[in-house]
Amino acid sequence: MRAVIQRVTSASVTVNGGAPRKIGPGLVILLGVRDGDDPAIIPKLAAKCAGLRIFNDEEGKLNRSAVELGYSALVVSNFTLYGDTSRGKRPSFIRAAKGDTAREAYETFLKEISAQGLQDVQHGEFGADMQISLVNDGPVTIVIDTDEWK
């Protein structure tokens, strides 16, 4: 799995033109699922995302987590994180997990991240048309690829 985590002062997602789902300070997490990913890694990934010490402490050092500060998270599924651009100009998404497999992993991640102690967890909808607005703070952007944990 791949997660792109952005430290934000605020963010929202609009799903299929509906009302925005908003958070204040916290994390935006774009989640991609690869074909063959082991679902057993999801709890560890959720804990890692929520516990990342990417917020400033009293000395201005990145030493505090969203959980510690009572912040929120906005999670959006994003199969394009597995876009392969090694050949040509059109990305191939063959490595991205398909339909039900990806949806199940995304929904499991939502349950796991919600259990991490964040103030609030908002989310998009798997496979929906979504628009995301965010104010990246810092900017601080972290990429986690669980394949690197093997």
Open item on the list: Run Leu52 and Ser65 through side-chain contact (heavy atoms from CB on, under 4.5 Å) and show every step you take.
Closed with: CA-CA 5 Å; Leu52 280 175; Ser65 73; over 6 Å; no

Under 4.5 Å between side-chain heavy atoms, counting indirect links through other Ile/Leu/Val/Met/Phe/Trp/Tyr residues: same cluster for [X] and [Y] or not?
X: Val4; Y: Tyr82; answer: no
X: Ile132; Y: Phe126; answer: no
X: Leu30; Y: Val143; answer: yes
X: Ile142; Y: Met1; answer: yes
X: Leu118; Y: Tyr106; answer: yes

Which atom pair, heavy atoms only, marks the closest approach of [X] to [Y]?
X: Ala105; Y: Ile42; result: O-CD1, 3.7 Å
X: Ala3; Y: Leu45; result: CB-CD1, 4.3 Å
X: Ser77; Y: Gly127; result: OG-N, 4.2 Å

All side chain to side chain donor-acceptor pair (under 3.5 Å) counterparts of [X], not counting sequence neighbours:
X: Ser86; result: Asp84
X: Ser133; result: none
X: Thr141; result: Asn136
X: Glu59; result: none

What do the steps show when you test Trp149 against Ile144 for side-chain contact (heavy atoms from CB on, under 4.5 Å), and what is the final call?
CA-CA 9 Å; Trp149 296 352; Ile144 298 174; 3.5 Å; yes

Are side-chain heavy atoms of [X] and [Y] found at a separation under 4.5 Å?
X: Val76; Y: Ile29; result: no
X: Val8; Y: Ile23; result: yes
X: Leu74; Y: Val13; result: yes
X: Ile54; Y: Ile5; result: yes
X: Gln6; Y: Val140; result: no
X: Thr14; Y: Met130; result: no

Among residues two or more places apart or on two chains, list those pairs meeting salt bridge (charged side-chain N to carboxylate O under 4.0 Å, His left out) that have a residue in [range].
range: residues 133-146; answer: Arg2-Asp145, Arg7-Asp137
range: residues 90-107; answer: none
range: residues 16-42; answer: Arg21-Glu125, Arg34-Asp37, Arg34-Asp147
range: residues 47-57; answer: none

Residues at least two apart in sequence or cross-chain that pass salt bridge (charged side-chain N to carboxylate O under 4.0 Å, His left out) with Glu58, listed by chain then number, are Arg64

> For Lys89, does the NZ atom have more than 12 heavy-atom neighbours from other residues, nucleotides or ligands under 6.0 Å away?
Replying inline: no

Please list, one pair per line, the donor and acceptor atoms closer than 3.5 Å that link side chains of residues 109-117 to other protein atoms, with sequence neighbours excluded.
unit_1, atom_1, unit_2, atom_2, d
Ser114, OG, Leu110, O, 2.8
Gln116, NE2, Glu112, O, 3.2

- Any donor and acceptor pair, going by atom type alone, linking the side chain of Thr80 with main-chain N or O of Gly83 inside 3.5 Å?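 No, because the side chain of Thr80 does not come within donor-acceptor range (under 3.5 Å) of the backbone of Gly83.
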
query: Looking at residues at least two apart in the chain, or sitting in another chain, which of them share a side-chain contact (heavy atoms from CB on, under 4.5 Å) with Gln119?
result: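 So Gln119 forms a side-chain contact (heavy atoms from CB on, under 4.5 Å) with Ser72.
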
### Task
Scan for ring-ring contact (aromatic ring centres under 6.0 Å, His included) pairs involving residues 13-59, sequence neighbours excluded, and state none if there are none.
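As it turns out, the ring-ring contact (aromatic ring centres under 6.0 Å, His included) pairs with a partner in residues 13-59, which skip direct neighbours, are Phe55-Tyr71.
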
*Parallel, tilted or perpendicular: which describes the rings of Phe79 and Phe93, with under 30° parallel and over 60° perpendicular?*
perpendicular

